[in-house]
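Here, residue 1 is the first one in the sequence, and each next residue gets the next number.
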Amino acid sequence: MKLFDYSYRTPQENLACDEALLDESESSDGDEILRFWTSPGYFTVLGYSNAWKEEVKKTPDMPVFRRCSGGGSVLQGPGCLNYSLILKVKASGPLANIRSTNDFVMQHQRKALSKLLGKEVRVQGHTDLTLGALKFSGNSQRRKKNRLLFHGTFLLNFDLKRIGQCLKFPPKQPSYRESRAHSDFVVNLGVP
C-alpha cells in the first residue's frame, strides 16, 4: 500500500483527487493507496444521491460540493482529518460486497482507535465511529469492478456549532441518533 499524505488548496481538488485515484487504480491495476488530507476552509459535501435543498441550509459564504460516494451530507474544514483508502476488490474475502467491506474497514478502525485513544470506540449505524453515543467519524464508499474507495472524516478539533448552522436535520438517520440535534450528536476527539 502506498501512502499519499497531501492536501490540495481547494475542496474541489481534494474531492476530485479521491475520484481520480480510484479511476486511475481501476484502469491501471495500480497499487492500493492510503491518503490523508485536511482543508484550510469550511465547505459542505453532499453524498452522490443527496438533494441539497433537503440537507443544506443556504448560507452565502459556504460552498457546497458533491462527492462520488454515498452517505449523508457533512460539513468539513479546519479540525477535520480526512482519509481515503483505495483497495483491491476480490470476488471472495472481506471486500467482496458493501456490507462486508463496511464491517472489515470499520472494525479495523475501531480496534486501532480504541487502542490509540485508550477509550472504547464503537461502530454504530452503518459506518459511524462513536465514543459512547457521540459520533466523531462518518465514512462511505464507492465501488468499481476491481477497486473501491473507502473514505471518511475524523473530527479532531472542529468547530461543532457550525454543523447546525450549515446542515439541516438529515432526512435519514441511524437509530442510535434518536433524533438528536447536530450539537447533541457529534464530538471532537480533542487530539492534534
Side-chain angles (χ1 to χ4, degrees), residues 1-39 43-50 65-77 80-117 119-131 135-156 158 170 172 174 176 189 191:
M1 181 173 288
K2 289 188 175 180
L3 176 63
F4 182 42
D5 188 2
Y6 187 78
S7 300
Y8 289 95
R9 291 181 302 116
T10 68
Q12 302 96 305
E13 291 170 305
N14 282 305
L15 295 170
C17 181
D18 281 357
E19 191 167 5
L21 289 172
L22 175 62
D23 290 345
E24 174 62 25
S25 184
E26 174 77 14
S27 66
S28 68
D29 195 32
D31 292 318
E32 293 184 317
I33 299 167
L34 171 60
R35 176 179 179 232
F36 292 105
W37 63 276
T38 59
S39 176
F43 62 100
T44 300
V45 184
L46 300 171
Y48 72 87
S49 64
N50 299 57
F65 303 102
R66 187 175 301 282
R67 65 179 178 268
C68 66
S69 63
S73 297
V74 297
L75 180 67
Q76 293 197 7
C80 291
L81 175 64
N82 299 285
Y83 78 92
S84 310
L85 279 168
I86 307 295
L87 301 171
K88 293 180 181 181
V89 175
K90 296 179 182 172
S92 63
L95 305 179
N97 60 58
I98 292 171
R99 174 173 271 173
S100 63
T101 299
N102 286 344
D103 292 343
F104 179 78
V105 174
M106 298 310 298
Q107 288 304 323
H108 274 77
Q109 288 185 6
R110 182 193 64 74
K111 289 175 189 173
L113 289 167
S114 290
K115 184 176 180 181
L116 179 70
L117 298 170
K119 299 176 182 176
E120 181 187 2
V121 172
R122 295 169 50 192
V123 178
Q124 297 198 64
H126 296 291
T127 56
D128 292 348
L129 292 173
T130 65
L131 292 173
K135 176 180 175 176
F136 68 86
S137 178
N139 304 271
S140 63
Q141 64 178 290
R142 177 165 182 205
R143 302 179 70 86
K144 295 209 167 202
K145 182 178 179 184
N146 300 305
R147 295 289 185 278
L148 67 87
L149 164 66
F150 199 100
H151 58 175
T153 301
F154 299 106
L155 299 174
L156 303 181
F158 190 67
K172 296 178 189 173
Y176 83 96
L189 291 179
V191 297

**Q** Determine whether S140 and H151 make a side-chain contact, defined as any pair of heavy atoms from C-beta on separated by less than 4.5 Å.
**A** yes
**Q** More than 12 foreign heavy atoms under 6.0 Å from NZ of K144: is that the case here?
**A** yes
**Q** Are the side chain of S69 and the backbone of Q141 linked by a donor-acceptor contact shorter than 3.5 Å?
**A** no
**Q** Of all the heavy-atom pairs spanning V121 and L131, show the shortest one and how long it is.
**A** CG2-CD2, 3.9 Å
**Q** Going by heavy atoms in the side chains, are P11 and Q76 under 4.5 Å from each other?
**A** no
**Q** Would you please say whether a donor-acceptor pair under 3.5 Å links the side chains of T130 and Q124?
**A** yes
**Q** For the pair R143 (side chain) and L148 (backbone), establish whether a donor and an acceptor sit closer than 3.5 Å, ignoring hydrogens and angles.
**A** no
**Q** Taking the side chain as every heavy atom from C-beta outward, state whether V89 and N146 have any atom pair closer than 4.5 Å.
**A** no
**Q** Check whether any side-chain N or O of R67 sits under 3.5 Å from a backbone N or O of G70 as a donor-acceptor pair, and report yes or no.
**A** yes
**Q** Hey, are the side chains of N82 and D18 touching, using non-hydrogen atoms and a 4.5 Å cut-off?
**A** no
**Q** For residues R110 and V123, report the shortest heavy-atom separation together with the two atoms involved.
**A** CB-CG2, 4.0 Å
**Q** Pair F4, C17 - check side chain to side chain contact (heavy atoms under 4.5 Å, CB included), show working.
**A** CA-CA 11 Å; F4 182 42; C17 181; 3.7 Å; yes
**Q** S25 side chain to L22 main-chain N or O, any donor-acceptor pair under 3.5 Å?
**A** no
**Q** Evaluate the side chain to side chain contact (heavy atoms under 4.5 Å, CB included) criterion for residues L87 and V105: first the C-alpha distance (whole Å), next the side-chain angles of each, then the deciding distance (0.1 Å), finally the verdict.
**A** CA-CA 10 Å; L87 301 171; V105 174; 4.3 Å; yes
**Q** Looking at side-chain heavy atoms only, is the closest gap between T38 and L81 below 4.5 Å?
**A** yes
**Q** For the backbone of G30 and the side chain of R147, can you confirm whether one donor and one acceptor N or O come within less than 3.5 Å of each other?
**A** yes
**Q** Determine, stepwise, if the pair M1 / L85 fulfils side chain to side chain contact (heavy atoms under 4.5 Å, CB included).
**A** CA-CA 9 Å; M1 181 173 288; L85 279 168; 4.0 Å; yes
**Q** Heavy atoms only: give me the nearest P174-G125 pair and the separation to one decimal.
**A** CB-CA, 3.9 Å
**Q** Is the backbone of T127 close enough, under 3.5 Å, to the side chain of N102 for a donor and an acceptor to pair up by distance?
**A** no
**Q** When rounded to the nearest 0.5 angstrom, what distance separates CZ in R35 from CG in L149?
**A** 10.0 Å
**Q** Find out whether F150 and L95 are in side-chain contact, i.e. whether some heavy atom of one side chain is under 4.5 Å from a heavy atom of the other.
**A** no
**Q** Once rounded to the nearest 0.5 Å, what's the spacing between atom CG of L34 and atom CD1 of I86?
**A** 10.0 Å
**Q** Quiz question: by atom type and distance under 3.5 Å, do the side chains of Q109 and S137 form a donor-acceptor pair?
**A** no
**Q** Let's go through S84 and L21 carefully: what are the C-alpha distance in whole Å and the side-chain angles of both, what is the deciding distance for side chain to side chain contact (heavy atoms under 4.5 Å, CB included) to 0.1 Å, and is it a yes or a no?
**A** CA-CA 9 Å; S84 310; L21 289 172; 5.7 Å; no
**Q** Would you find a donor on one side and an acceptor on the other, under 3.5 Å apart, between the side chain of N14 and the backbone of Y8?
**A** yes
**Q** Please confirm whether the backbone N or O of K88 pairs with a side-chain atom of E32, one donor and one acceptor, at under 3.5 Å?
**A** yes
**Q** Specify the closest pair of heavy atoms between H126 and M106, including all atoms of both residues, with the distance to one decimal.
**A** O-CG, 4.3 Å
**Q** Is there a side-chain contact between Q12 and F43 (heavy atoms, below 4.5 Å)?
**A** no
**Q** Which value, rounded to the nearest 0.5 Å, describes the distance between T10 atom OG1 and L15 atom CG?
**A** 8.5 Å
**Q** Do V191 and F154 touch side chain to side chain, with heavy atoms closer than 4.5 Å?
**A** no
**Q** Can you run down the ring pair (Phe, Tyr, Trp, His ring centres under 6.0 Å) pairs that involve residues 20-39, sequence neighbours left out, and say none if there aren't any?
**A** none
